Amino acid sequence: MLRMSTLFLRTLRDDPADAEVPSHRLLVRAGYIRRAAPGGFSWLPLGWIVFRNVERIIREEMDAAGFQEVHFPALLPKEPYEASGRWVDYGDNMFRLHDRHGAEMLLAPTHEEMFTLLVKSLYGSYKDLPLCIYQIQTKYRDEARPRAGLLRGREFVMKDSYSFDVDDAGLQRSYDRHREAYIRTFERLGLPVVIVSAMSGAMGGAASEEFLTPLDVGEDTYVRCTSCDFAANTEAVAVPVPDSVPLDGLPDAVVHDTPNTPTIQTLVDHLDERGVPRHGGGSWTAADTLKNVVVKLRHPDGTVEPLAIGVPGDREVDLKRLEAQVSPAEVSPFEEADFARYPTLVKGYIGPGALGSAGTSGIRFLLDPRIVEGTRWVTGANEEGRHVVDLTMGRDFTGDGMIEAAEVLGGDPCPNCGAELEIARGIEMGHIFQLGRIYAEALDLKVQDEAGKQVTVTMGSYGIGVSRAVAALAETNHDELGLIWPREVAPADVHLVIAGKEGGPQRPAAERLATEMEAAGLRVLFDDREGVSPGVRFKDAELIGVPTIVVCGRGIDDGVVELKDRRSGEREDVPIGDVVARLTTTA
RNA sequence: CGGGGUGUAGCGCAGCUUGGUUAGCGCGCCUGCUUUGGGAGCAGGAGGCCGGGAGUUCGAAUCUCCCCACCCCGACCA
């Protein structure tokens, strides 16, 4: 039994000034967590109970799926991460430190390398596989901008599993087992999730799906189809490629003087004002233009390469999509100094003539998939104040390849069924990923197959954010008064409140009831504080968010207490002798 | 990484422009009395390296510089 008279808890009347999102605000106000470090939180007793409940559910579901729990250090030497390439690839997001001898170490962001090496050190035969092992562990990522409390910290707890199989079919089975286990886990946690595909189909076979909880404060943008069940991270949406158009009989490209038209809008307005004829008639739109964006790619080895991307002018280049495509390279803007190095690029009037391996600048030029052979575009003529009209793909220019970097807009066609897509926001709660043989190859994890031949093991990695799940639960389960926990993760089943004069019959009755409820297996949070006014007790009960509130108050003379459902707000007087039966049957 | 905002008691804030006794208010906390079904009343208290450092000054919460932390927005649009 948790007695509030001695519980290490202080609720706050005011919202903490540094908390913006509801989960952060309420978890701090209700005395569940406290900020302790940039992006790091301390857990108070109530918070730790909830945390352990979430952790327990995840652990039970992993165990039920037949996965085995292990535990690694968070503090690791750099060598395994050097071998995999992640010591370089992870960049600034990895916490690095030195020991007293000057050896470089890290605080692990995830543990693929360590799991791989552990399996390598123990297993050598196909008979040992398949294997799925997991841990629940504190992870570290030096986020550029920790925010939203527990939702995105620099230290957080994550369940990460890894599967090891001899062949692709085995990997698919391990992946499917995780997928099923995750669906059950989120169901039990009471967290709504949508499963979105997370890797571009064009990027190859490696399957990867994210479990997103739809939340406006989430940091991931995804799309879902308004008609079929397609859902995908925006990074992973592949644009349907239109049919190409025969080149015969298309008009020649013509260069026009277009003074003072450095932006798409000014260009479109100018063409209309000057009455430049548009193929198919009608007035010019941004979608008729080809926007050529130049950026710099910084590769992990430090080399920098310019890259030009051609997208329809009614769309921006989506930085996240672009980075997903060019990963692990990082993208940065093309600056004045860069333009100075490429005199053939005329800012505001860049056209395909200057781009690509055949262009005057030689800069690599990748095109949006919509730009297919036979499509005609208005685009820069590589001269100040001049654009070219009806520049035709496949005849007048080509790119060095395709890239999925244009933004995805609501109303875009679904790649699955063609209906309209809509944009939504969510937060990543889980991620399942067929890694394949990347890590096994880098760290040389092989087993003997039936023929006695050495084969490289194929792996999957699977994560669930444990501390993030607590925040997401708070985010999806609250009202203006406070938190409302789903029963299985709640810090208690019943919040018992004494509301009556000190020295009256309420306290002894409540004491008896508390003991009785506890004996019946109910977890009781008992507000037995003295000298606290009823208003405070009610406010605290609502803030803390235990699913059922029992008030032992003025009805006591009639032998009844009030049962209140925190979520619905419904109240009901129940004879004190029936309370336990009521709560144990409905719970 | 860029821009903006904010750091003063456990929490929320005022004071800073125009430097000057002992730094203030509300909540919370302690003591006493009253009160007890919606964040109670009265009286009396405790609690501060004014984010840190360096400077200017006879004197700094207040002015200058540097650093740190937190919050928000942005990140290419040629």
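On a predicted model such as this, the values are computed, not experimentally measured, just so you know. Per chain, numbering begins at 1; letters A, B, ... match sequence-line order.
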| Taking protein heavy atoms under 4.0 Å as touching, what does nucleotides 41-49 of chain B look like 5' to 3' if B marks base contact, S marks sugar-phosphate-only contact and - marks none? | ---------
[N] versus [M] - spacing of their [atom1] atoms, nearest Å:
N	M	atom1	value
C66(B)	A40(B)	C1'	50 Å
G47(B)	U6(B)	C1'	24 Å
U18(B)	A54(B)	P	26 Å
A60(B)	C67(B)	P	24 Å
G28(B)	G12(B)	C1'	11 Å
C72(B)	G10(B)	P	23 Å
C68(B)	G52(B)	C1'	7 Å
G51(B)	U35(B)	C1'	41 Å

| said: So which atom in H24(A) and which in D18(A) form the shortest heavy-atom distance, rounded to 0.1 Å? | reply: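 The pair with the smallest heavy-atom distance is CE1-O, 3.8 Å.
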| Closest heavy-atom pair and its distance - P547(A), A490(A) |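 Closest heavy-atom pair between P547(A) and A490(A): CD-CB, 3.5 Å.
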| request: Report yes or no: is there a donor-acceptor pair, N or O only, under 3.5 Å between the side chain of Q506(A) and the base of G37(B)? | output: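 Side chain to base: no pair present.
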The side chain of [X] lies closest to which of these nucleotides: [options]?
X	options	result
V551(A)	G38(B), C72(B), G37(B)	G37(B)
E542(A)	G38(B), C71(B), A40(B)	G38(B)
E20(A)	C71(B), G38(B), G12(B)	C71(B)
V293(A)	C76(B), C11(B), G37(B)	C76(B)
A17(A)	G28(B), G12(B), C76(B)	G12(B)
V317(A)	C76(B), G37(B), C11(B)	C76(B)

| query | Relative to the 5' end of RNA chain B, which residue comes earlier, R554(A) or H24(A), by the nucleotide with the nearest heavy atom? | reply |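 Closest to the 5' end, via its nearest nucleotide, is R554(A).
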Value in whole Å for how far the [atom2] atom of [N] lies from [atom1] of [X]:
X	N	atom1	atom2	answer
I498(A)	G38(B)	CD1	P	17 Å
I264(A)	C76(B)	CD1	P	16 Å
L9(A)	G10(B)	CG	P	18 Å
N292(A)	C76(B)	CG	C1'	13 Å
K539(A)	G37(B)	NZ	C1'	12 Å
D527(A)	G38(B)	CG	C1'	13 Å
E305(A)	C76(B)	CD	P	20 Å

Paired with [N]: which nucleotide, if any, by Watson-Crick or G-U wobble criteria at under 3.5 Å for both distances?
N	value
G74(B)	C1(B)
G7(B)	C68(B)
C29(B)	G45(B)

Heavy atoms only, 4.0 Å cut-off, all strands: where does [X] land among base, sugar-phosphate and nothing?
X	value
R10(A)	sugar-phosphate
K564(A)	base
L345(A)	nothing
E502(A)	base
R321(A)	nothing

| task | Please report the C-alpha distance between K564(A) and E570(A) in whole Å, then the side-chain angles of each, then the deciding distance to 0.1 Å, and finally whether the salt bridge (charged side-chain N to carboxylate O under 4.0 Å, His left out) criterion is met. | result | CA-CA 6 Å; K564(A) 182 177 170 183; E570(A) 283 170 26; over 6 Å; no
| Which residues in residues 25-34 of chain A have at least one heavy atom lying under 4.0 Å from any atom of RNA chain B? |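 Residues of residues 25-34 of chain A under 4.0 Å from RNA chain B: R29(A), R34(A).
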| message | Which residue is it: V470(A), L150(A), L46(A), L26(A)? I am looking for the one with a side-chain contact (heavy atoms from CB on, under 4.5 Å) to I33(A). | response |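 Exactly one candidate clears the test, L150(A).
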| said: Let me confirm one number: the CZ-CG distance from R278(A) to D390(A), rounded to the nearest 0.5 Å. | reply: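 Spacing of CZ (R278(A)) from CG (D390(A)) equals 10.5 Å.
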| query | At what distance, to the nearest 0.5 angstrom, does CD1 of I350(A) lie from CZ of F365(A)? | reply |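 Rounded to the nearest 0.5 Å, the CD1-CZ separation comes to 10.0 Å.
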| said: On the nucleotide C70(B), are OP1 or OP2 found under 4.0 Å from the side-chain N or O atoms that R35(A) carries? | reply: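 For C70(B), OP1 or OP2 has a side-chain N or O of R35(A) closer than 4.0 Å.
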| Do we get R96(A) above W87(A)'s six-membered ring, with its NZ or CZ under 6.0 Å from the centre and within 45° of the axis? |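 Relative to the ring axis of W87(A), which defines the angle, R96(A) lies inside both limits.
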| task | May I have all residue pairs that pass salt bridge (charged side-chain N to carboxylate O under 4.0 Å, His left out) and include part of residues 547-561 of chain A, sequence neighbours excluded? | result |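 Sorted result for residues 547-561 of chain A: empty, none.
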